[in-house]
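Values below: all heavy atoms of this structure, side chains included; hydrogens, waters and symmetry mates excluded. Residue numbering restarts at 1 for every chain, and letters A, B, ... go by the order of the sequence lines.
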Amino acid sequence: MAHGRHPRTRSGGGGAFVLHKIAVVSSAYEPKKIEARWQKVWADERTWEVANPGQPGFDGSRPKAYVLEMLPYPSGEPHVGHLKTYAVGDAIAHFRRRHGYEVIHPMGYDAFGLPAENNAIKTGEPPREVTERSIESFRRQFQEWGISIDWAREIGTHTPEYYRWTQWIFLKLFERGLAYRAEAPVQWCPKDATVLANEQVIDGRCDRCGTPVEQRRLEQWFWKITDYADRLLSDFDLLESWPEHVVTMQRNWIGRSEGAEVTFRCQEGGLDLDFPVFTTRPDTLFGATFFVLAPEHPELERLVAGTPAEEAVREYVNRVARESAEERGAEDRDKTGVPLGRSVVNPVNGEEIPMFVADYVLMEYGTGAIMAVPAHDNRDYEFAKAFDLPIRRVIEGVDEETVRDDAGLPYAGDGPMTGSGRFDGKHNRDAYAEIVEWLTEEGRGRASVNYRLRDWLVSRQRYWGAPIPMVYCDECGIVPVPEDQLPVELPEIVDYAPKGRSPLAAAEDWVATECPRCGGPARRETDTMDTFVDSAWYFIRYLDPQDEDAPWDRDAADHWMPVDQYIGGVEHAILHLMYARFVVKALADMDWLSVQEPFANLFTQGMITRDGAKMSKSRGNTVSPADYVERYGADSARTYICFMGPPERGGDWSDEGVEGVNRFLARLWRLCEEVEGREAGELDAGAGGDARELLAKAHWAIDKTTRDFQRGFQFNTAIAAVMELVNDAYRVKDGLYGDPAGVAAVRFAAATASSLIFPFAPHLGAEIWERLEGGRIWEQPWPEADPELLARDTVTLVVQVNGKLRDRIEAAAEAPEEELLALARESEKVRRHLDGKEIVKEIVVPGKLVNLVVR
RNA sequence: GCCGGAGUGGCGGAACGGCAUACGCGAUCGACUCAAAAUCGAUUGCCCUAACGGGCAUGUGGGUUCGACUCCCACCUCCGGCACCA
């Protein structure tokens, strides 16, 4: 089978079709017509719909592939970021389908959220209406882009049919003790008048509106993601392929530190208080010279009540409270603090060390108190310098620079211990475990692990979200809404403006309810859930989107999960992806799911910029996909996005670039038109000359695109390979039209190009394939390159002298080393550089290169 | 400060340790046209040369190697993330 398996050559029966078409005058590439036609076919035939196990049409014989893009937030119209995500994802989906996979490729809308609500506050228009209008627009445009979505599985997270199950998940977590209500210092955005998750505070500012956030103590709902900190770390091992930097970002975010908890005691003035501290450096305990509490520390009040320090401490605490997180966290900030006039006892040596309050100690991390070791910690050192406190070195340096007593401080390195009683002389690393052991025996401490990760604050004082299914009863306290009363529907209201409490609180009829437990009067929870909750499980709902009796069918979930390829923006590297991982683990622990990780493979695409800057309405540099689809067609826009550069990197949008790709597609189109009207003979791989060369080039392109797909979605070079194939066809086509075998070669090139470009330009690919080969390209297996045609008879032998290129010689591919060397030495160009010199070494890389080393 | 990623023509970008600059954009020239657009074709890293040729170029400086964009060491710049996390 000299010409490979695919595409089929046209001969015999197809002739009539060809003759019929011959009369048609070559027409221009009209993407609009072609695209509308195929979109109708896909919609009418429900081409991309797949069935669940047990349903009619389910094909269990093929391996499954779940290809998923991060669902869009429907605000206004889709932008180029959406187009990129789905252009990349769709290419992957098509590629998998043509490799025999049953591909599930659903989409939906992350429809709850602040922008719709803020708009409602401004215009009075209900969020549901703007949101649904936007969804209309997304749906229409996605269809115009020709993305191969299974539309039967479409969902919106704002529908009661969906959020009913979001509420169900809340109840399940509550039952398991993973959802709890607590008063806690929280991040408060004064502009949006809501609390924020820690993850939504960027540089001390609200992630959404940029307003500096304030700290408040409020009762809020939390989800206990910290219970999963260790598994969220260790289960990275279960993932197949995630970008290293995303894993690193999550690792840093979870921020696991090993150390010890050590208890310092204050026994002054009739007080008898224990102050545990967390330290990663128990080996420096003997160097502690003072002790610091966070300004929010709950025992501060008692420590200074009625003492001379009371006034100053209170003043300091109040001042800190007024500061924004941003001010407090500022980089080159001078250390401030106030002495408490109290002291604690260092458990390792019985020393009394003075206590301070200082804002460099954070209540949120560790215990809100620290032992300060100025000799070995930069921050403690600065504080000690500012307050003229003793600095005691307990770890010696190991080199000239650091060994001297007061030079090189603070010293964070390792070395032998000093001034540490019976541990003197030991290396600090060895002493570490001994000290912890000793503390444990004495009951003064223990090994401990701390995380930067905080529990997930899920309640929001906003309207446009899923109501939290909880009820407050004076008799029974907090009572969950029974499952059979779900959904707790979001009521219609008129005033959406936040007033520091949820706008829902004003819907008195709705708030007033019966206690599900005692039947007495009760009030509904008026907070709604963070929208990240909605998107933490949507990928499971897609698997069984219409189920009214359960969030999903277990068989369907077991069949399709996990997501085999997840595609989205790197901006979700921490929040969304970690929340989804947590929710899936929690559900798996309750035996509602069988997988531990939702996303086996993750691909994060880079952001498209315009004129080097992030696109934004205020900057006026946005690119509207609709405009480009209108002007050049969806195929051009999609293919251009994949051609801009490696998709994991960003790229700058260029109108000329889209035109270039459009030109290429039109060129392919014209090639098809031209060859379609010519009588083709049998493909003849045995023939020589241009026909053979073109055939070989087509197989090279098959091989190249296939490898580029598999090597981390190198779409830019894959598309470049198809361009090369088309260019080569243009170069030789006129000479080949003379004989039927030549026409067949050009036809093969055109059909192959259409097959290979199909994942990026599905409409044009489908159209050309149908015209040249008949049938549906998406039902064709991905082509395989014929190794015989990949192999070359002759190769260009590169000849170097001392590593410098001196000549290129055509040589037989099979030629032995001796022959290649002889050829190289005979070359006139080479000899010029050998003149009068002695060849000391000859390197031969068969089929490639000869390097002559001379002296 | 710590952790990632990246520095290659005028621009976006290619290159298992072996032909640097594929492909595209832009530019120049030519064909077609009365003309323009579209299209087709050619040229296009820099320097020297009339030409044949030669020299220099992948952020900088070293190293390994017959041979380095690629590997190693040091540094510079840009981008992203985290950051008073004990």
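- Comparing B:rC3, B:rA86, B:rG18 against the side chain of A:Ile370 picks out B:rA86 as the nearest.
- Between A:Ser654 and A:Arg731, the residue anchored closer to the 5' end of RNA chain B is A:Ser654, taking for each the nucleotide with the nearest heavy atom.
- B:rU58: no Watson-Crick or G-U partner with both key distances under 3.5 Å is found in any strand.
- Scanning all heavy atoms of the two residues, the minimum distance from A:Gly657 to A:Ser654 falls at N-OG, 2.8 Å.
- A:Ala573 and A:Gln250 make their closest contact through O-NE2, 2.9 Å (heavy atoms, listed as atom of the first residue, atom of the second, distance).
- Only the P atoms considered, B:rC46 is 12 Å distant from B:rC11, to the nearest whole Å.
- One interatomic measurement links the two molecules: CE of A:Met723 to P of B:rA14, which rounds to 14 Å at whole-angstrom precision.
- Checking B:rG53, B:rC84, B:rG26 against every side-chain atom of A:Lys829, the shortest atom distance belongs to B:rG53.
- Between A:Lys704 and B:rA14, a side-chain N or O to OP1/OP2 separation shorter than 4.0 Å is absent.
- Between A:Lys841 atom NZ and B:rG67 atom P there is a gap of 9 Å when expressed in whole angstrom units.
- Among the heavy atoms of the strands lying under 4.0 Å from A:Arg711 are primed sugar atoms or P, OP1, OP2 only; no base atom is included.
- Taking every side-chain heavy atom of A:Arg670 into account, B:rC40 is the closest of B:rA22, B:rA86, B:rC40.
- Of the candidates B:rA20, B:rA83, B:rG18, B:rA20 carries the atom nearest the A:Leu805 side chain, counting heavy atoms from C-beta on.
- Taking 4.0 angstrom as the limit, A:Arg452 places none of its side-chain polar atoms (N or O) nearer than this to OP1 or OP2 of B:rC3.
- Environment of CD in A:Glu818: sparse, with no more than 12 heavy atoms of neighbouring residues, nucleotides or ligands closer than 6.0 Å.
- For A:Asn851 and B:rC66, a side-chain-to-base donor-acceptor distance below 3.5 Å is present, hydrogens and geometry of angles not being considered.
- In this entry B:rC19 has no Watson-Crick or G-U wobble partner, no candidate having both defining distances under 3.5 Å.
- Distance from the side chain of A:Arg667 is smallest to B:rG41 among B:rA15, B:rG53, B:rG41.
- Taking only side-chain nitrogens and oxygens, A:Thr248 never comes nearer than 4.0 Å to OP1 or OP2 of B:rG81.
- Of all nucleotides listed (B:rC66, B:rA14, B:rC25), B:rA14 comes nearest to the side chain of A:Arg649.
- Of the C1' atoms belonging to B:rG26 and B:rG45, the separation is 15 Å, rounded to the nearest Å.
- Judged purely by atom type and a 3.5 angstrom limit, A:Tyr628 has no side-chain atom pairing as donor or acceptor with the backbone of A:Asp655.
- Between A:Tyr640 and A:Tyr632, the ring centre distance reaches or exceeds 6.0 Å.
- B:rG12 takes the anti form, because its glycosidic angle lies more than 90° either side of 0.
- Between the C1' atom of B:rG4 and the CG atom of A:Asn252 lies a distance of 9 Å, rounded to the nearest Å.
- Among the heavy atoms of the strands lying under 4.0 Å from A:Tyr730 are primed sugar atoms or P, OP1, OP2 only; no base atom is included.
- Not a single donor-acceptor contact under 3.5 angstrom links the side-chain atoms of A:Lys848 to the base of B:rC19.
- A:Lys697 places its NZ atom 12 Å from the P atom of B:rA22, with the value rounded to the nearest Å.
- Rounded to an integer number of Å, the gap from CG of A:Leu285 to C1' of B:rA86 is 12 Å.
- Which of B:rG24, B:rG54, B:rA86 sits closest to the side chain of A:His833 comes down to B:rG54.
- When the side-chain nitrogen and oxygen atoms of A:Asn727 are compared with OP1 and OP2 of B:rG24, one or more of them lie within a distance under 4.0 Å.
- Separation of the A:Tyr365 and A:Tyr451 ring centroids does not fall under the 6.0 Å cut-off.
- B:rA50 makes up no base pair with any nucleotide shown, lacking Watson-Crick or G-U wobble contacts both under 3.5 Å.
- B:rC34 and B:rA42 have their C1' atoms separated by 25 Å, with the value rounded to a whole Å.
- Ring pair A:Phe664/A:Tyr730: centre-to-centre distance not below 6.0 Å.
- The interatomic distance linking A:Ile719 (CD1) with B:rG13 (P) rounds to 15 Å, in whole Å.
- Nucleic acid contact for A:Gly660: sugar-phosphate only, since backbone atoms but no base atoms lie under 4.0 Å from a heavy atom of the residue.
- For A:Glu244 and B:rG5, a side-chain-to-base donor-acceptor distance below 3.5 Å is absent, hydrogens and geometry of angles not being considered.
- Using a 4.0 Å heavy-atom criterion, one finds that A:Val361 contacts the bases of the nucleic acid, with or without backbone contacts as well.
- Taking atom P in both B:rG24 and B:rA83, one finds a spacing of 45 Å when rounded to whole Å.
- Base pairing analysis places B:rG4 opposite B:rC79; the two distances defining the Watson-Crick or G-U wobble pair are each below 3.5 Å.
- Taking atom P in both B:rG7 and B:rG59, one finds a spacing of 8 Å when rounded to whole Å.
- As a whole-Å value, the separation of A:Ile757 CD1 from B:rG24 P is 12 Å.
- Of the candidate nucleotides B:rA86, B:rG81, B:rG12, B:rG81 has the atom nearest to the side chain of A:Met249.
- Phosphate contact (OP1/OP2 of B:rC23, side-chain N/O of A:Arg663, threshold under 4.0 Å): absent.
- Of the nucleotides present, none pairs with B:rC34 by Watson-Crick or G-U wobble criteria with both distances under 3.5 Å.
- Here A:Arg806 does not reach the OP1 or OP2 of B:rG53: none of its side-chain N or O atoms lies under 4.0 Å away.
- The side chain of A:Arg379 approaches B:rA86 more closely than any other nucleotide in the set B:rA86, B:rC56, B:rA22.
- Here the separation of B:rA31 from B:rA35, taken at their C1' atoms, is 15 Å to the nearest Å.
- Between the CG atom of A:Asp708 and the C1' atom of B:rA14 there is a distance of 10 Å, rounded to whole Å.
- Across all strands, A:Glu724 comes closer than 4.0 Å only to sugar-phosphate atoms, never to a base (heavy-atom distances).
- Atoms CG and CG, from A:Leu293 and A:Leu300 in turn, are 5.5 Å apart once rounded to the nearest 0.5 Å.
- Comparing the C1' positions of B:rC16 and B:rA27 gives a spacing of 35 Å, expressed to the nearest Å.
- The backbone N or O of A:His833 sits nowhere less than 3.5 Å from a side-chain atom of A:Arg806 that would complete a donor-acceptor pair.
- Nucleotide B:rG41: paired with B:rC29 (Watson-Crick or G-U wobble, both distances less than 3.5 Å).
- A:Lys335 comes within 4.0 angstrom of a base, heavy atoms only.
- Atom name P, nucleotides B:rC71 and B:rG18: the rounded distance is 11 Å, in whole Å.
- Closest of all the heavy-atom pairs between A:Thr336 and A:Ala358 is O-CB, 3.3 Å.
- Set against B:rC82, B:rG13, B:rC19, the side chain of A:Asn716 has B:rG13 as its closest nucleotide.
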